[in-house]
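The analysis underlying the following values was restricted to heavy atoms, covering all of them including side chains, and did not include hydrogens, waters or symmetry mates. Numbers restart at 1 for each chain; the letters A, B, ... are given by sequence-line order, proteins then strands.
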Amino acid sequence: MAVTISLPDGSKKEFPSEPSVLDVAKSIGPRLAKDTLGAVIDNEKDIIDLRSKIKNGTSIKIVTVKDKVSLEVIRHSAAHVMAQAVQELWPKVKVTIGPVIENGFFYDFDSPHAFTPEDLEKIEKKMQEICKKDYAVTREEWQVDEAIQTFEKMGEKYKVELIAELKNKGEKTVSIYHQGPWFDLCRGPHVQHLGQIPVMKVLSLAGAYWRGDEKREQLQRIYATAFLNEADLKKHLHELEEAKKRDHRRLGKDLGLFIFHHLAPGSPFFTPNGTVIYNELQRFLRDKYQEHNYQEVITPQIFDIDLFHQSGHYENYRENMYFSKIEERDFGCKPMNCPGHCLLYGSDHRSYRDLPWRVADFGRLHRYERSGVMHGLTRVRSFSQDDAHIFCALEQLQAEIEGFMQFLNEVYTTLGMTKYHVYLSTRPPKRMGSDEVWDKAEAALEKALKQLNIEYTVNIGDGAFYGPKLDIMFVDAINRPWQLGTLQCDFNLPQAFSLKYVGDDNAEHAPVMLHRAILGSFERFIGVYLEHTAGHLPFWLSPIQVRVLNVTDRQLDYSAHLEKELKALGIRAYLDGRNEKLGYKIREAQLLKVPYMLVIGDKEKDTDTISVRLSSGEMVNNLKKSDFFEMLEKEYRLRSLKSLIKPKQGEKV
RNA sequence: GCCCACAUAGCACAGGGGUAGUGCACACCCUUGGUAAGGGUGAGGUCGUGAGUUCAAGUCUCACUGUGGGCUCCA
């Protein structure tokens with residue numbers, strides 16, 4: 001039966017029977033066929049293998065070595081090359097899986113030999129040797145039982161497990177890719193011959209569990225990458241270096257913002273400079289709470305564990321909590337503010353006129369995180385959130401969700417965080433409350449998002465144990481996603497605490513409780529924001545806003561006076577009056593990313609004017625002191641992202 | 001918690017069985033210099049903690065703690 005295939009230029013080609021991708025390419029031209037690595041059919045996302053048969057009526061776009069998307073094919077094959085290399089070097093190693101990931105690929109091995117960093121170089125060399133042999137990559141279809149037998153004989157138990165699973169799913173055959181003497185179970189796609197893999201680089205070593213299950217075998221994962229050319233690889237490695245420079249742990253040290261100590265693992269100490277950032281953020285949120293009709297409260301740190309039995313935290317969250325026994329009584333340190341807020345709500349009669357009742361709490365929380373998961377400021381054991389709970393009537397839910405998204409947007413805009421995405425997480429397996437209640441809560445969130453026309457993605461089973469939630473993923477300056485804000489809908493806690501309000505019908509009703517945070521934790525946020533800004537904080541968040549630099553001792557008194565004047569305006573200005581050259585002082589201030597450096601020489605002193613150097617390196621001279629002060633005050637008050645002091649066109653010293 | 005690696009001065013690192021080094025930072029002195037490092041002198045470490053091997057341990061072995069890269073987890 002004749003088969004018709006359409007090409008991207010609109011033309012159609014006929015074949016006597018179903019052709020492979022490569023057949024189609026050959027029919028167009030030998031050059032194209034030579035470079036073919038796969039194809040995209042019917043505008044689908046995934047690339048199909050060049051050996052796949054094409055059905056009648058399909059539209060096809062051939063992917064060649066020149067297309068960036070072919071990286072997926074190249075990396076897939078490179079993963080096989082890595083597995084072959086490893087097995088040639090260490091024949092006892094068992095292979096598992098080796099998928100393509102963003103920017104590269106990895107392969108997980110079960111190896112009696114623990115790989116060392118030196119081994120990585122050996123592996124890379126071996127991979128290059130294998131590629132030089134330029135084996136043709138061929139595909140065979142094997143009967144599942146035949147495949148199981150073959151891999152069993154080889155002792156490849158992981159492959160056997162995978163194939164047995166495919167068999168259970170009803171697969172009759174599996175595809176096997178050969179390259180020279182080596183072969184592997186694989187769905188593809190793969191290159192025609194190994195010489196088509198341009199450049200490879202083995203990157204790092206890690207541990208991983210078989211099938212991602214911590215109860216199963218611990219495997220050794222080797223990360224690597226492949227690119228179309230040396231330049232692209234170099235660019236990628238450069239980007240990795242650049243990302244390292246933004247590492248907030250590095251910046252925290254360099255800028256003197258926070259430290260860690262082995263006697264308080266996972267618990268940051270904020271230095272005076274770091275504390276400025278912390279407090280400025282808190283002040284910002286307090287201002288916003290005022291605007292959005294929230295009230296701040298202060299609640300206890302340590303509670304009788306009866307509270308956590310009542311809230312369900314003991315049953316669901318115990319392994320992450322700190323406990324102590326004092327005078328034969330069991331206490332727990334709060335991991336969240338919500339149970340305390342429920343007690344506060346329940347301490348008085350509430351009327352529908354009091355709702356929505358929005359309570360904010362900067363209380364310190366402690367969560368016992370497993371030792372291997374801590375990471376700088378982004379995963380800690382002691383932290384404080386911009387946490388608030390909204391108790392409202394069911395009918396008010398939608399408006400509150402809307403108000404929250406508005407609030408969040410204002411905060412993110414001020415901070416220059418314009419890219420974020422919303423995720424809706426639904427009921428997890430381990431949870432409290434009836435399915436009926438969960439239905440209601442999930443529906444409410446979804447409805448609100450739709451009404452607001454907010455795009456979102458559903459994460460099935462990712463909700464909190466007490467309710468579904470919205471997670472706001474902020475995407476930073478180098479496109480990494482971070483979970484910061486959250487809005488959690490909770491029908492369970494109000495029930496657990498028998499919370500009520502009296503409605504206009506004079507009957508008692510249960511309020512809905514919303515848990516919400518915009519920055520998430522201050523610790524985590526500061527970490528993320530440092531990486532986002534690469535340490536270049538806006539003026540209002542800068543620990544040192546202005547550094548006054550005298551050129552010689554002659555201007556020391558005048559400079560000290562200027563420092564005093566700025567401080568009187570509430571500006572964090574500091575004099576660097578040391579006996580050092582100006583260039584040296586500039587360099588230091590520059591490394592500390594101080595927004596404004598005031599250079600005070602005889603000229604400025606005699607004319608009472610300001611010469612300022614911005615952290616960008618730009619300079620503005622002969623500013624009237626009062627004008628400068630006014631701009632600083634304004635920039636601070638408005639929490640401006642950009643400097644209000646603009647160099648005049650063409651002006652340079 | 002799991003796998004692997006690392007731990008030497010405030011920071012960044014070198015050293016590798018015979019009693020500790022460099023650069024920056026710090027202190028003092030000289031220098032008073034106009035936009036990213038002027039010069040000199042000095043102080044600072046029981047080499048993460050605890051055991052073991054050895055005549056001798058920062059160095060070798062083990063355990064623990066912390067940190068890092070991942071995995072798992074992340075309300």
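To the nearest angstrom, C1' of B/C71 lies 16 Å from CZ of A/F109. Remark: C1' of B/G1 and NE2 of A/H375 are 19 Å apart, rounded to the nearest angstrom. The distance between atom CG of A/D576 and atom P of B/A36, rounded to the nearest whole Å, is 15 Å. Spacing between atom NZ of A/K581 and atom P of B/G34 amounts to 8 Å, rounded to whole angstrom units. Separating the CD1 atom of A/I222 from the P atom of B/G70 is a distance of 15 Å, rounded to the nearest angstrom. If you measure from atom CD of A/Q590 to atom P of B/G34, you get 19 Å, rounded to the nearest angstrom. In this structure, A/Q218 atom CD and B/G1 atom P are separated by 14 Å, rounded to whole Å. The separation between A/H262 atom NE2 and B/U67 atom P is 10 Å, rounded to whole Å.
No contact: A/D254 has no heavy atom under 4.0 Å from any strand. Looking at heavy-atom distances under 4.0 Å, A/N320 makes contact with a base. Using a 4.0 Å heavy-atom distance criterion, A/K585 is classed as making no nucleic acid contact. As judged by a 4.0 angstrom heavy-atom cut-off over every strand, A/E369 is placed among the base-contacting residues. Across all strands shown, A/R370 has heavy atoms under 4.0 Å from base atoms, whether or not it also approaches the sugar-phosphate. Residue-level contact check: A/E118 touches neither bases nor backbone, having no heavy atom under 4.0 Å from any strand. Within the nucleic acid shown, A/R249 comes within 4.0 Å of sugar-phosphate atoms alone, with no base atom in reach, counting heavy atoms only.
Under the salt bridge (Lys or Arg N to Asp or Glu O under 4.0 Å) criterion, A/R587 pairs with no residue at all, not counting sequence neighbours. Checked against salt bridge (Lys or Arg N to Asp or Glu O under 4.0 Å), A/K334 has no partners two or more places apart in sequence or in another chain. A/E442 pairs by the salt bridge (Lys or Arg N to Asp or Glu O under 4.0 Å) definition with A/R427, not counting sequence neighbours. A/E315 meets the salt bridge (Lys or Arg N to Asp or Glu O under 4.0 Å) test with no other residue; sequence neighbours excluded. Legend: residues meeting ring-ring contact (aromatic ring centres under 6.0 Å, His included) with A/F404, ordered by chain and number and at least two apart, are absent.
Residue A/K201 places its NZ atom among 12 or fewer non-hydrogen atoms of other residues, nucleotides or ligands, all under 6.0 Å distant. Applying the 6.0 Å contact sphere to CD of A/E124 captures more than 12 heavy atoms from other residues, nucleotides or ligands. At most 12 heavy atoms of other shown residues, nucleotides or ligands fall within 6.0 angstrom of atom CG in A/D557. Crowding of A/K625 atom NZ: a count of heavy atoms from other residues, nucleotides or ligands under 6.0 Å exceeding 12.
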What protein N or O atoms touch nucleotides 22-29 of chain B N or O atoms at under 3.5 angstrom, if any, and at what distances?
unit_1	atom_1	unit_2	atom_2	d
B/A25	OP1	A/Y584	OH	2.6
B/C26	OP1	A/R578	NH1	3.1

Which atoms of nucleotides 42-45 of chain B (N or O only) lie under 3.5 Å from a protein N or O atom, and what are those distances?
none

Return the polar atom pairs (N/O with N/O) between nucleotides 12-14 of chain B and the protein under 3.5 Å, or none.
unit_1	atom_1	unit_2	atom_2	d
B/A12	OP1	A/R250	NH1	3.4
B/A12	OP1	A/K253	NZ	3.3

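B/G58 and B/A7 have their C1' atoms separated by 11 Å, with the value rounded to a whole Å. Atom name C1', nucleotides B/U67 and B/U49: the rounded distance is 15 Å, in whole Å. Rounded to whole Å, the separation between the C1' atoms of B/C6 and B/G48 comes to 12 Å. Across B/A63 and B/G1, the matching P atoms stand 15 Å from one another, rounded to whole Å. With both ends at atom C1', the span from B/G44 to B/C24 equals 14 Å, rounded to whole Å. When the C1' atom is compared between B/A20 and B/A57, the two are found 14 Å apart, to the nearest whole Å. Taking the C1' atoms as reference points, B/A14 lies 24 Å from B/A56, given to the whole Å. A gap of 16 Å separates the P atoms of B/U61 and B/U54, to the nearest Å.
The side chain of A/P265 lies closest to B/G66, out of B/G34, B/A37, B/G66. Closest to the A/Y223 side chain, of the nucleotides B/U35, B/G70, B/C2, is B/G70. With B/G69, B/U35, B/G1 as the candidates, the nucleotide lying closest to the side chain of A/A206 is B/G69. In this structure, of B/A36, B/U72, B/U35, it is B/U72 that holds the atom nearest to the side chain of A/V373. When the nucleotides B/G33, B/U72, B/U67 are ranked by their closest atom to the side chain of A/M374, B/U67 comes out on top. Which of B/G70, B/U32, B/A36 sits closest to the side chain of A/D553 comes down to B/U32. Nearest nucleotide to the A/T552 side chain, out of B/C73, B/G33, B/U35: B/G33.
Considering only side-chain N and O atoms, A/R613 lies under 4.0 angstrom from the phosphate OP1 or OP2 of B/A36. Phosphate proximity of B/U32 to A/R554: absent, as no side-chain N or O sits under 4.0 Å from OP1 or OP2.
One finds no salt bridge joining A/E239 and A/K244 here, because no Lys/Arg side-chain nitrogen approaches an Asp/Glu carboxylate oxygen to under 4.0 Å. Electrostatic pairing of A/D576 and A/R578 counts as a salt bridge here, judged by a charged N lying under 4.0 Å from a carboxylate O. A salt bridge links A/R358 to A/E400: one of the charged nitrogens lies within less than 4.0 Å of a carboxylate oxygen.
Helical stems involving RNA chain B, defined as 3 or more consecutive Watson-Crick or G-U pairs under 3.5 Å, span B:1-7 with B:65-71, B:10-13 with B:21-24, B:26-30 with B:38-42, B:48-52 with B:60-64.
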Contacts table for residues 251-270 of chain A: side-chain donor-acceptor under 3.5 angstrom, sequence neighbours left out:
unit_1	atom_1	unit_2	atom_2	d
A/D254	OD1	A/R250	NE	3.3
A/D254	OD1	A/R250	NH2	2.9
A/D254	OD2	A/R250	NE	3.3
A/H261	ND1	A/L263	N	3.0
A/S267	OG	A/P265	O	3.4

When the side chains of residues 93-107 of chain A are checked against the rest of the protein, which donor-acceptor pairs come out under 3.5 Å, sequence neighbours left out?
unit_1	atom_1	unit_2	atom_2	d
A/T96	OG1	A/D108	O	2.5
A/Y107	OH	A/K159	NZ	3.4
A/Y107	OH	A/D184	OD2	2.8

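For residues 517-533 of chain A, the salt bridge (charged side-chain N to carboxylate O under 4.0 Å, His left out) pairs, not counting sequence neighbours, are A/R364-A/E523, A/R480-A/E531.
Shown here, B/G58 is classed syn by the O4'-C1'-N9-C4 or O4'-C1'-N1-C2 angle, which is within 90° of 0.
Checked against the 6.0 Å centroid criterion, the rings of A/Y322 and A/Y368 qualify as a close aromatic pair.
Ring geometry for A/H309 against A/Y314 counts as tilted: the plane angle lies between 30° and 60°, on a 0 to 90° scale.
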